[in-house]
Amino acid sequence: MASTPALEESAQSGTHAVTNQPPPLAPYDASADTVLLEGLRREGAGWAEEGIRRLGLRAGSAEAQEWAELANRHEPALRTHDRYGNRVDEVDFHPSWHHLMRTAVAEGLAGTPWAEDRPGAHVARTAGGLVWGHTDAGHGCPTSMTYAAIPALRKEPELAKVYEPLLTGREYEPELRVPTEKRGLLAGMGMTEKQGGSDVRTNTTAATPTAEPGVYTLRGHKWFTSAPMCDVFLVLAQAPGGLSCFLVPRVLPDGSRNTFRIQRLKDKLGNRSNASSEPEFDRTVAWLVGPEGQGVKTIIEMVNCTRLDCVMMSATLMRRTLVEAGHHARHRSAFGARLIDQPLMRNVLADLALESEAATTLTLRLAGAADRAVRGDAGEQAFRRIATAVGKYWVTKRGPAFTAEALECLGGNGYVEDSGMPRHYREAPLLSIWEGSGNVNALDVLRALRREPDTAQALFGELALAQGADVRLDAAVARLKDLLASASETSARRLVEHMALTLQASLLVRHAPAAVADAFCASRLGGDWGHAFGTLADTADLDAVLARALPGDN
């Protein structure tokens, strides 16, 4: 008897029944992170908790998660000319990018903390980044640079008087117009050139003074300038007095376009939603920021701020992928049991949870130091100087291995683009490269120790707060002193790694539950650990670690 179409459809649909797959993660609460909320209160920004919780719900909403997915699927496109042949050098974005940017700026994740005379403002911004970053990492680039531009711009008070109120506002206006006619601005920076990269003193972009004091024209080619759609840029160029810092607007005060020829957008491994470019300057108008010849000194504070954001974004990626891995393990079964109930998977997730908690705790401690340093605390300034470089080196180095392991928790499901995990994995290496690669940061730590003795004092002062609480930590501090005595450029990475682990351990010993601190010290300091995640000792209290990191039914 011939089969009917209805029977054929029924039989076919039966073979496609979906079982043993997790439901969508969204909507979820990106601020449901005990470690983050405890750190927020501890570092002086408890007043911001309600706003952080609200932002966390929005970040985990199905709408915001879709914005992130669409902004990365529909990448920015360069438009060099209009239909008539006029040079415009504009970058077109998917509407989802603008939704993400508008929210980030409105929530104070760009320059806003500099305008708030309130203790903890910089901590609150960092905490906001830790939750809103659960959406998309790419748009964190222009918000980060806008935040970081303010202290450098203040080296030229007259320019700061005009532009700072606009850079610290909460209005997002993406159109290229005269900056002073807008309600909000974004700032980018252009330091590196193709022949030197991080060695910015080899820059060849030339700055020629004009008859008007403080006004120059630039000629040269920058190699890696992210967010070319920003309104103004801090740029390094060679003036008659040496390498100097300049403010370059995209649109001049008279409404004409400044020469900012975008040669191409970079085809990057990750960070695909964000445009990174190669701009060419040719008689480009620029205003001097700080004295001639002190460009690096002027812009270094901007680098310190963006390095903090690299740590923050790495910690965010860790937390985001841990949440995804935990969600999958709760709802997926294999060999007769849920993944979350299988001992070896619990070891992997607990090990990841330790790494995530250490990264988040250090991030918020660095944000607290930055906040107090801005308010004139010299000790915190010295601690910030060295600890930010240490954190930048280590936390960003851990990011790629962490996201790879979290992806593996999903198995083949994590390897397909639909899961979102490949996007997070591609994002992770950027944060170790941006604002100085691992070598640059490790050598910067060594340089600070040799030239600024107060930084070592500040670091050991911080470590002393946990003295006597854990014998493995005490031994690590003693070992660190020995390493410092024989430190060389060759061993800089080894030194900074030990420094980072010791600092993270000291923070956890002081602020985390005993089960977390003990497991971290045993594995990271005591050597009771393998070479991959999921190799914690049988004595580790996995249940307590997981209950803290992944509350609920685990």
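- Of the possible donor and acceptor atoms, none in the side chain of E324 sits under 3.5 Å from a partner among the backbone N and O of A406.
- With salt bridges taken as basic N to acidic carboxylate O contacts below 4.0 Å, one links R125 and D309.
- No donor-acceptor distance shorter than 3.5 angstrom exists from the side chain of S144 to the backbone of C141, with no hydrogens or angles considered.
- Contact annotation: the side chain of L503 approaches that of S506 to within less than 4.5 Å [non-hydrogen atoms, C-beta and beyond].
- Applying the 6.0 Å contact sphere to OH of Y425 captures no more than 12 heavy atoms from other residues, nucleotides or ligands.
- The backbone N or O of A106 lies less than 3.5 Å from a partner atom in the side chain of R170, making a donor-acceptor pair.
- The pair R548-E38 counts as a salt bridge, with a side-chain nitrogen and a carboxylate oxygen less than 4.0 angstrom apart.
- The side chain to side chain donor-acceptor pair (under 3.5 Å) search around Y147 returns H122, not counting sequence neighbours.
- Annotation: side chain to side chain donor-acceptor pair (under 3.5 Å) contacts of R154 (sequence neighbours excluded): E164.
- One finds a salt bridge joining E43 and R372 here, because a Lys/Arg side-chain nitrogen approaches an Asp/Glu carboxylate oxygen to under 4.0 Å.
- For E452 and R385, the salt-bridge test passes: some basic side-chain N is under 4.0 Å from an acidic carboxylate O.
- Around CD of Q294, the count of heavy atoms belonging to other residues, nucleotides or ligands within 6.0 Å exceeds 12.
- Under the 3.5 Å distance criterion, the side-chain polar atoms of D136 are matched with a main-chain donor or acceptor of H139.
- We find that E107 and R54 are joined by a salt bridge, their nearest charged nitrogen and carboxylate oxygen being less than 4.0 Å apart.
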